[in-house]
Amino acid sequence: MKKRAMTLWLAAVLAGCAPAVKNKIDAGPAAAEIENALAAASAAAERGTYLGLKEAGRLYGELYGSARTRRAVAPAYAHALFRLALREKEIGIPGGASLLACSRLVEENPSLAGWAAWLVLADTIPSRIKGVVKDVVLSASTLPARPEAARNWQEEMKRRAEEAQKTEDDLKQKSLQDEFFAYLFLARRCASASLYDKKDDVDQVLRRFPESLQIRYRAAFCPQQDEAALKAVLEAEPDFVEVHGLLGEAAVGRGQLLTAENNLLRAYEKIPESPHYAILLASIYFLTEEFERSIEFCDRAIDIVPEYRDAYLTKAISLSYLERCRDAVDVLNKIVAMQYYLLGESHYWLAWNHHELKDNAQAQLHIEESKGRLPTNSEVFGLAGTIALENGEIDRAEKEFTEALKYNEANTEALFGLAAVADRRGRWADGAAFYEKAAGALTRNEAALEDKIAQIKAAEMDDTRRAKMIGRQEKQLRVVRATRALAYFNGAADWANAGKAELALPLAEKAAAHPQFREKAADLLSRLKKTA
């Protein structure tokens, strides 16, 4: 953004909304100090970064607190707060604190009355934060810009919606005249326009403001992320640390977890008030199976948003994998008590943990709740089948396992479960077929784990951390291979019971390749060869 003289803030930003206010400072011994503070605030705002806008808001706030400088800095202060509010939405800082502060500033200064429509429009732009936090975060729209309208909240909201719609055309026109409005226009269109309209809007604004770092930044992640453009912005202004957050978020989506971690840690270091960065880091550490670290970042997100359900759920699942089942149950019960969101997932993990704690009565209650809320989730029906099987309810177990396979044919819990049901009923051929399918699914799981180990070996990281990560994957690999050998052995036994020695032999040979089943499989092979 080009430098603007302090006396032209309002005129340049909101032409026609209100008369410009001169930033004239009365002479006196502190005049130089005030002018220095104004210059520092203006320079911080001009950087256009989150950190710069935050610093500008602080400096202008201090100046606004003095009767001597209040009127002079009000327009610049409002401008900085407004831009900061948009950036907070983009980096997932909830609460709308800057938008609320800007709204109060407009109320206190009649000369800024023209800002009201833009505040309403900005309030409609959603926050880019993982998960649902709307029901626990105060929206800026709950504070009407005009106090007299607060007497009827619903009517005020309706009026605001109508006024916001009328503002759209005006905003588009202004977006080609002023950089501030161009940024607001892109932010608004990103949330509401179609993919093609967004691209056309971005191209048009970029042509109008080709040198603006702020516009280049805003255009580089909506409608699609342009990694090269983001890196160019960061190279031009290293203070644009929110770019690291965007690069990290995109890398998570591509499965490049270590690249994502590096970027998100750099963003989080400078902007620890963003729970969005914290929950993304928690997700990364969950996926790398560094569960203690994942819990740490979940707690950091919860410290900022005390009812952040995504953070609670990630924490609970991490506790589950650490076999801290009772702690996990306590966390999950908090989500259930909050209601509305992630209840299906929470009830599933409550069932999972109660099952691990050998409390199938409680597990049954929660799995039924989860089935009603997640009616197409294979894992839910798989666990429901396991609980039924352990309770001796064979018919219900078969029904649950069969339902699980509708949604995931490779659900090994359901495949082993249906094989067990078939075995109990003496349907040996059916059991053998399910065991073979389970072995095939486990072979694919083995390949995925081997690929993951190769990626870890090739990644740049601390050798100690690498060794721990590889160790965890190799432990899983041993379990998968042993489980597959079990499937082969059981399948061979079932084919033998069905009188199909020729089908049993190749499975028994595969089972014998695993040291854990070598002796048992050799004995079975000996008997099979006699009958073949």
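In what follows, every heavy atom counts, from backbone to side chain, and hydrogens, waters and symmetry copies are set aside. Here, residue 1 is the first one in the sequence, and each next residue gets the next number.
Checked for salt-bridge contact, K475 and E289 miss the test: no charged N lies under 4.0 Å from a carboxylate O. The existence of a salt bridge linking E403 and K399 is excluded, since no basic side-chain nitrogen approaches an acidic carboxylate oxygen closer than 4.0 Å. Taking 4.0 Å as the cut-off between side-chain N and carboxylate O, E292 and K468 do not count as a salt-bridged pair. For the pair E168 and K172, the salt-bridge criterion is not met [side-chain N within less than 4.0 Å of a carboxylate O]. Looking at D203 and K199, a side-chain N of the basic residue comes within less than 4.0 Å of a carboxylate O on the acidic one, giving a salt bridge. Residues D463 and R466 are paired through a salt bridge, judged by an N-O separation under 4.0 Å between the basic side chain and the carboxylate. A salt bridge does not link R293 with E261: every distance from a Lys NZ or Arg NE/NH1/NH2 to an Asp or Glu carboxylate oxygen is 4.0 Å or more. Note on D327 versus R324: salt bridge recorded, some NZ/NE/NH1/NH2 to OD/OE distance being below 4.0 Å.
The heavy-atom pair separating V305 from P275 by the smallest distance is CG2-CG, 3.9 Å. Listed here is the closest heavy atom pair of L280 and L264: CB-CD1, 3.7 Å. Across C298 and A311, no two heavy atoms sit closer than the pair SG-O, 3.4 Å. Of all heavy-atom pairs spanning A487 and Y435, the tightest one is O-CB, 3.4 Å. In plain terms, the two heavy atoms of T412 and A438 that are nearest each other are CG2-O, 4.2 Å. Here the closest heavy-atom approach between residue A404 and residue G382 is recorded as CB-N, 3.7 Å.
The shortest distance between side-chain heavy atoms of T483 and N445 does not fall below 4.5 Å. No side-chain heavy atom of V241 sits less than 4.5 Å from a side-chain heavy atom of E269. Counting only heavy atoms from C-beta outward, the side chains of E242 and R87 approach each other to under 4.5 Å. L247 is listed as a side-chain neighbour of K231, based on a closest heavy-atom distance under 4.5 Å. For the pair F221/R128, a side-chain contact is recorded, criterion being any heavy-atom separation below 4.5 Å from C-beta on. With contacts defined as side-chain heavy-atom distances shorter than 4.5 Å, the pair Y277/I91 qualifies. Put simply, the side chain of H354 does not reach to within 4.5 Å of the side chain of N360, judged on heavy atoms. Counting only heavy atoms from C-beta outward, the side chains of H244 and K270 never approach each other to under 4.5 Å.
Between L389 atom CG and R424 atom CZ the span is 4.5 Å, to the nearest 0.5 Å. Between I335 atom CD1 and L313 atom CG the span is 5.0 Å, to the nearest 0.5 Å. Here L524 contributes atom CG and L505 contributes atom CG; the two are 8.0 Å apart, rounded to the nearest 0.5 Å. Once rounded to the nearest 0.5 Å, the distance linking CG of L503 with CH2 of W495 reads 5.0 Å. Atom CZ of residue R481 and atom OG1 of residue T443 lie 10.5 Å apart, to the nearest 0.5 angstrom. L449 contributes atom CG, which lies 5.5 Å from atom CG of L477 (distance to the nearest 0.5 angstrom).
Checked by atom type and distance alone, the side chain of N391 never pairs as donor or acceptor with a backbone atom of E393 at under 3.5 Å. The backbone N or O of S378 sits less than 3.5 Å from a side-chain atom of N411, completing a donor-acceptor pair. Proximity of a side-chain donor or acceptor of H276 to a complementary backbone N or O of I93 within less than 3.5 Å is not detected. S320 contributes a side-chain N or O that, together with a main-chain N or O of A316, makes up a donor-acceptor pair within less than 3.5 Å. A donor-acceptor pair under 3.5 Å links the side-chain atoms of K89 to the main chain of I125, judged by distance alone. A distance-only check finds a donor-acceptor pair linking the side chain of T314 to the backbone of D310 [under 3.5 Å]. In terms of modelled atom types and a separation under 3.5 Å, the side chain of N353 and the main chain of W349 share a donor-acceptor contact. In terms of modelled atom types and a separation under 3.5 Å, the side chain of N263 and the main chain of T259 share a donor-acceptor contact. The backbone N or O of D201 sits nowhere less than 3.5 Å from a side-chain atom of R189 that would complete a donor-acceptor pair. In this structure a side-chain-to-backbone donor-acceptor pair under 3.5 Å is present from K198 to C190.
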Audit row: F297, I279, side-chain contact (heavy atoms from CB on, under 4.5 Å) steps and yes/no: CA-CA 6 Å; F297 277 92; I279 195 63; over 6 Å; no
side-chain contact (heavy atoms from CB on, under 4.5 Å) assessment of F434 paired with V421: CA-CA 10 Å; F434 284 123; V421 168; over 6 Å; no
From CA spacing to verdict: salt bridge (charged side-chain N to carboxylate O under 4.0 Å, His left out), K437, E409: CA-CA 9 Å; K437 288 180 180 178; E409 294 180 351; over 6 Å; no
side-chain contact (heavy atoms from CB on, under 4.5 Å) evaluation trace for I456 with R472: CA-CA 11 Å; I456 295 170; R472 285 190 290 269; over 6 Å; no
Audit row: R527, D523, side-chain contact (heavy atoms from CB on, under 4.5 Å) steps and yes/no: CA-CA 6 Å; R527 289 187 284 115; D523 180 61; 3.5 Å; yes
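For the residue pair E249 / Q225, no side-chain donor-acceptor distance below 3.5 Å is found, with atom types taken as modelled.
Using cut-offs of 30° and 60° on the angle between ring planes, the pair Y217 and Y183 is parallel.
Here F517 and Y488 keep their ring centres 6.0 angstrom or further from each other. Taking the six-membered ring for Trp and the full ring otherwise, Y285 and F291 have centroids separated by 6.0 Å or more.
Stacking of R309 on the aromatic ring of Y312 is not recorded, the 6.0 Å distance cut-off and the 45° axial limit not both being met.
The 12-atom threshold is not exceeded at CZ of R326, counting heavy atoms of other residues, nucleotides or ligands nearer than 6.0 Å.
A side chain to side chain donor-acceptor pair (under 3.5 Å) with H347 is found for exactly one of H366, K371, E368, namely H366.
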